[in-house]
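These notes are about the structure you will find just below.
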Amino acid sequence: MTFRDALDKILGKRKLFHVIECSVCGFNEVYYIDPFTNKQLGKACETCNHIQRFEFDG
């Protein structure tokens, strides 16, 4: 499974929100929002191969 496939599966439809320097590898860590509700979905670093989905209560 490619990184893009994993993003699609874990985060679904998304829109780029913000890019910062990854604290682990120093490359780009991208934050994503839902394109319809503009709520934050999660973050991902392709270099670290790390994807985190945010779950908010309420």
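A single hydrophobic cluster is seen to contain both I20 and F17, as judged by linkage of ILVMFWY side chains at heavy-atom distances under 4.5 Å, directly or through other members.
Residues forming a side-chain hydrogen bond (donor to acceptor under 3.5 Å, both in side chains) with D5 (at least two apart in sequence, or on another chain): T2. Every side chain to side chain contact (heavy atoms under 4.5 Å, CB included) that K9 has, sequence neighbours left out, goes to M1. Residues passing the side-chain hydrogen bond (donor to acceptor under 3.5 Å, both in side chains) test with D8, sequence neighbours excluded: R14.
Every pair passing salt bridge (charged side-chain N to carboxylate O under 4.0 Å, His left out) that includes a residue from residues 16-34 is listed here, sequence neighbours excluded: E29-K43. Note on residues 46-56: pairs passing side chain to side chain donor-acceptor pair (under 3.5 Å), not counting sequence neighbours, are R53-E55.
Grouped with F27 in a hydrophobic cluster is no other residue, since no side-chain heavy-atom contact under 4.5 Å to another Ile, Leu, Val, Met, Phe, Trp or Tyr is found. Apart from I51 itself, the hydrophobic cluster it occupies contains F3, L7, I10, L11, L16, V19, V30, Y32, L41, where clustering links Ile, Leu, Val, Met, Phe, Trp and Tyr at side-chain heavy-atom distances under 4.5 Å.
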Inset, instruction - List the steps, then state whether side chain to side chain contact (heavy atoms under 4.5 Å, CB included) holds for F36 with K13. - result: CA-CA 9 Å; F36 304 107; K13 290 191 182 282; 4.2 Å; yes

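The two residues Q40 and Y31 make their nearest non-hydrogen contact at OE1-CD2, 4.4 Å.
Considering SG of C48 and CG of N28, their distance stands at 11.0 Å, rounded to 0.5 Å.
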